Amino acid sequence: DVKVTQSSRYLVKRTGEKVFLECVQDMDHENMFWYRQDPGLGLRLIYFSYDVKMKEKGDIPEGYSVSREKKERFSLILESASTNQTSMYLCASRGTGRDTEAFFGQGTRLTVV
Amino acid sequence: GNSVTQMEGPVTLSEEAFLTINCTYTATGYPSLFWYVQYPGEGLQLLLKATKADDKGSNKGFEATYRKETTSFHLEKGSVQVSDSAVYFCALFTTGANNLFFGTGTRLTVIP
């Protein structure tokens with residue numbers, strides 16, 4: 001059974017903290033993605049990576065950075081958490097090809113207080 | 001650019017009613033189209049897909065046809081069940097952008 005695993009389901013952090021969200025996939029996929037999901041806004045792409053150590057900004061990269069040191073792991077970093085980063089964060093991975101399915105993790109609900 | 005527009009929700013239906021969720025898109029190049037579903041407390045999972053014009057994707061009684069002339073990919077089901085209650089996302093992929101673009105999602109609630 002293919003899997004994308006996010007390290008935490010729920011996380012509560014304080015304003016100004018540095019926050020790490022981890023995502024691991026076991027499908028040897030080249031492409032990995034971080035989205036945030038907010039009511040009425042759907043899924044918005046934060047960053048994606050198409051190879052180890054490669055990254056591309058998505059639609060809303062401000063306040064975030066990413067790291068991909070190994071093919072199976074893609075980390076999202078909030079350098080200094082703020083309350084407007086309270087959200088659901090979804091990680092996804094995808095192989096190559098235009099008809100290839102993306103697989104999602106279960107999400108991390110982050111609350112910044 | 002690339003974008004997806006879905007009908008706004010929420011949608012509430014009685015069990016066995018007919019469902020349509022509208023989806024239209026704009027894309028650079030020739031996109032592949034997808035419907036994803038998110039059940040409560042879970043991540044997204046693929047419901048169905050279509051990769052070229054006039055293709056019909058189908059799964060679990062849901063169907064959607066890739067209509068290039070109207071740039072649409074509407075989701076339909078003939079008889080919904082309570083277990084279909086979820087949020088449905090339309091999405092497109094283009095090789096140029098190497099990225100999935102999602103609509104805002106439509107929440108469906110089916111009542112017995």
Side-chain angles (χ1 to χ4, degrees), chain A residues 1-10 21 23-25 27 29-51 54-61 74 87-109, chain B residues 1-10 21 23-25 27-53 55-57 59 64 66 73 86-107:
Chain A
D1 199 16
V2 297
K3 252 189 193 158
V4 177
T5 303
Q6 294 183 229
S7 51
S8 305
R9 289 295 302 273
Y10 301 94
L21 302 183
C23 176
V24 177
Q25 52 101 357
M27 295 163 281
H29 284 164
E30 293 79 8
N31 303 293
M32 296 187 74
F33 307 84
W34 275 106
Y35 295 89
R36 65 176 280 177
Q37 182 179 10
D38 299 289
L41 298 176
L43 272 69
R44 292 180 292 168
L45 182 67
I46 304 171
Y47 269 96
F48 70 98
S49 169
Y50 53 89
D51 202 349
M54 306 304 289
K55 61 185 179 185
E56 292 280 347
K57 292 181 179 179
D59 300 319
I60 52 165
F74 192 37
S87 186
M88 171 70 85
Y89 290 87
L90 292 170
C91 175
S93 75
R94 187 176 186 278
T96 55
R98 62 191 297 271
D99 64 340
T100 305
E101 171 183 357
F103 293 86
F104 283 81
Q106 287 194 298
T108 297
R109 183 164 294 283
Chain B
N2 299 297
S3 67
V4 176
T5 303
Q6 282 183 242
M7 67 183 283
E8 294 208 8
I21 300 177
C23 171
T24 57
Y25 67 89
T28 55
Y30 200 143
S32 298
L33 302 174
F34 303 83
W35 276 101
Y36 281 82
V37 59
Q38 185 179 33
Y39 298 106
E42 298 184 14
L44 277 70
Q45 57 186 269
L46 180 68
L47 180 60
L48 53 83
K49 64 182 180 183
T51 58
K52 59 184 189 294
D55 264 2
K56 179 186 282 188
N59 186 24
Y66 189 144
F73 193 53
V87 181
Y88 292 82
F89 292 90
C90 186
L92 70 83
F93 174 84
T94 62
T95 51
N98 194 29
N99 181 24
L100 274 170
F101 295 86
F102 286 88
T104 53
T106 302
R107 182 177 296 278

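Just so it is clear, the structure is predicted and the values come from calculations on it, not from any experiment.
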Please classify the contact of A:Arg109 with chain B as side chain, backbone, both or neither, using a heavy-atom distance under 4.5 Å.
neither
Sorted by chain and number, sequence neighbours left out, side-chain contact (heavy atoms from CB on, under 4.5 Å) with B:Thr51 holds for A:Arg98, A:Asp99, B:Ser32, B:Asp55
Let me know if B:Gln38 has heavy atoms under 4.5 Å from chain A in its side chain, its backbone, both or neither.
side chain
Which atoms form the tightest heavy-atom contact between A:Arg94 and B:Phe34, and what is the distance?
NH2-CZ, 4.3 Å
Go through the atoms of B:Tyr36 and report whether side chain, backbone, both or neither lie under 4.5 Å from a heavy atom of chain A.
side chain
Which atoms of A:Glu56 approach chain B - backbone, side chain, both or neither, heavy atom under 4.5 Å
neither
Could you tell me whether A:Arg44 atom CZ has more than 12 heavy atoms of other residues or ligands within 6.0 Å of it?
yes
Output the option from B:Asn99, B:Leu44, B:Thr104, B:Leu33 having the highest count of non-hydrogen pairs under 4.5 Å with chain A.
B:Leu44
Check whether any side-chain heavy atom of A:Glu101 lies under 4.5 Å from a side-chain heavy atom of B:Phe93, and answer yes or no.
no
Tell me if the CD atom of B:Glu42 is crowded by more than 12 foreign heavy atoms within 6.0 Å.
yes
Side-chain heavy-atom pair B:Phe89, A:Leu43 within 4.5 angstrom cut-off
yes
Please classify the contact of A:Thr96 with chain B as side chain, backbone, both or neither, using a heavy-atom distance under 4.5 Å.
neither
Any side-chain heavy atom of A:Gln37 within less than 4.5 Å of one from B:Phe102?
no
